[in-house]
Number of protein chains: 2
Amino acid sequence: MTNAESADLSAKHALLEAAQRLFAANGFEKVSMRVLTQEAGVNLAAVNYHFGSKEGLIEAVVESYINPVNELRLQRLTDAEAEGTPGVETILDCFLRPVLESVRSSALSEKLFFQMMGRCMNDRGLGNLPATSIALFEKVTTRYPVALQRICPQLKLEEILWRLHFTVGALIHVLIHTEGLRIVSRGKIGNPSVEGILTMVKSYCSAGIQAPPNEL
Amino acid sequence: MTNAESADLSAKHALLEAAQRLFAANGFEKVSMRVLTQEAGVNLAAVNYHFGSKEGLIEAVVESYINPVNELRLQRLTDAEAEGTPGVETILDCFLRPVLESVRSSALSEKLFFQMMGRCMNDRGLGNLPATSIALFEKVTTRYPVALQRICPQLKLEEILWRLHFTVGALIHVLIHTEGLRIVSRGKIGNPSVEGILTMVKSYCSAGIQAPPNEL
DNA sequence: GTCTATAAAGTGATAGAC
DNA sequence: GTCTATCACTTTATAGAC
């Protein structure tokens, strides 16, 4: 590796690292490239050199968060289906757990990581995600409903899609707003572990998905 | 009413009306006071005269959306409890329906209204809402769990709070992201009426809230 | 690849005339 | 209450030297 390449990688890496931290804590809009480059210890112009624009940097960060999660979701579902016909709880585990596991491959603290993940899924709006992320999302929102319908044949695909929609909402809300709720509720929600929260989300969403079908 | 008061009210009203429309469509951050005042047909300085600052205008709009909903939530629960012990579905109806009904007392289109409501609950983060809104939220998040525990005595209050947290997440997600999903899913979610969506949310969340309790 | 310097445009807020 | 003019500052992006 030449010096130039090494410098390139370290500057690029420093930008990505600072971007993750600052975007997670403050949101994409509120972080200026001046503050970000200062925090990263690189020059202001480096953002445009390495990522083309602020938007390019945002997309790089979003992809680095969302894509591994969705790839893991597909892999886990494939694994589960190889072992038989997974139940609703198992399918939900395949869907939800990758979010928790990605936290370990991140340099961010747990709280910041979850906020970042929530922001990626929320602030950008699904429609204007990077193309690679949209493609993965489409695979996920195609395969999971099929898996669910296999063991919930009483539900129309349409209603499964809606119930997965509600499930995603519960997940994102927990990721983004649980810290705030902890403060506002003055401790009334207790202090469950991440695994404990996952258990509660799974039992709630599993029951919701298996609710009696509605007339559509 | 004097001319001055009339002029005051109409300028203030025009600002609020434009703020609702623009904030709903573009978010609080992205709307500049220059664009907003131009849209409202008033002078740039009017924002600071009538609301003190951009932040003051935002808070006025947020209050005007959130507070009526939470007041209605409290009223509906009071009414339901006057007629006996409401079930989970009834309690959820008291909680969710006020969001839909407020749409009719708004000048906004249905889509914009729902986005605005979602933004009020989401973008600001619960912690930094106006004081009156926080007080109402605290009443709601005190009374509803009590009502739920009355008919779900097998659940600890702590778990009820978490399940209400998930419910709010599903609601907000539907408000903000359903239009986007409609596009991305290429019509696969069908075209249910607002009342139809409410029915689906209620049955999902009702089943989720009544799921078997977890070890905490 | 990295830097400085700067362009070009935007922001919220306010003093002061009317 | 409403207006103009302007302040003081921030933003992203880029040209050009090194």
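In what follows, every heavy atom counts, from backbone to side chain, and hydrogens, waters and symmetry copies are set aside.
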### Query
Atom OH of B/Y49 and atom C1' of D/dT2: how far apart are they, to the nearest Å?
9 Å
### Closest nucleotide among C/dT14, C/dG1, C/dG12 to the B/M33 side chain
C/dG12
### Message
Taking any heavy-atom pair under 4.0 Å as a contact, classify A/V31: base, sugar-phosphate, or nothing.
### Response
sugar-phosphate
#### Entry: Interatomic distance, B/K30 NZ vs C/dG12 C1' [rounded to whole Å]
19 Å
### Task
Give the nucleotide from the list C/dT2, D/dA13, C/dT11 with an atom nearest to the side chain of A/N48.
D/dA13
### Query
Can you check the B/H13 NE2 to D/dG1 P distance for me, whole Å?
16 Å
### Message
Given the ring of A/F28, does A/R124 sit roughly above its face, with NZ or CZ under 6.0 Å from the centre of the six-membered ring and within 45° of the axis?
### Response
yes
### Message
Measuring from atom CG of B/L164 to atom CZ of B/F166, what distance do you get when rounded to the nearest 0.5 angstrom?
### Response
10.5 Å
### Summary
note: A/L57, atom CG; D/dA13, atom P; distance rounded to Å ~ 10 Å
### Query
Ion pair present between B/E17 and B/K12, side-chain N to carboxylate O less than 4.0 angstrom?
no
#### Entry: Length of the CG-P vector between B/L15 and D/dC3, whole Å
11 Å
### Candidate nucleotides C/dT11, C/dT2, D/dT4, ranked by approach to the side chain of B/S32 - the nearest
C/dT11
### Query
So which one's nearest nucleotide on DNA chain D is more toward 5', A/S53 or B/V42?
B/V42
### Task
Provide, to the nearest angstrom, the distance between the CG atom belonging to A/L44 and the P atom belonging to D/dA13.
10 Å
### Task
Establish, from distance only, whether the side-chain atoms of A/R73 and A/N70 form a donor-acceptor pair under 3.5 Å.
yes
### Query
When the ring planes of B/H173 and B/H177 are compared, do they come out parallel, tilted or perpendicular, using 30° and 60° as the limits?
tilted
### Query
Could you state the CG-C1' distance from A/L36 to D/dT11, rounded to the nearest angstrom?
14 Å
### Task
Measure from the side-chain heavy atoms of B/A45 and tell me the nearest of C/dA13, C/dT14, D/dG1.
C/dT14
### Task
Write down the distance between CZ (B/F51) and P (C/dA13), rounded to a whole number of angstrom.
13 Å
### Query
With no angle test and no hydrogens, is the base of C/dG12 tied to the side chain of B/R34 by a donor-acceptor pair under 3.5 Å?
yes
### Query
Which sits closer to the 5' end of DNA chain D, B/A46 or A/E55, going by the nucleotide each is nearest to?
B/A46
### Query
Does A/N43 place a side-chain N or O at less than 4.0 Å from the phosphate oxygens OP1/OP2 of C/dT4?
yes
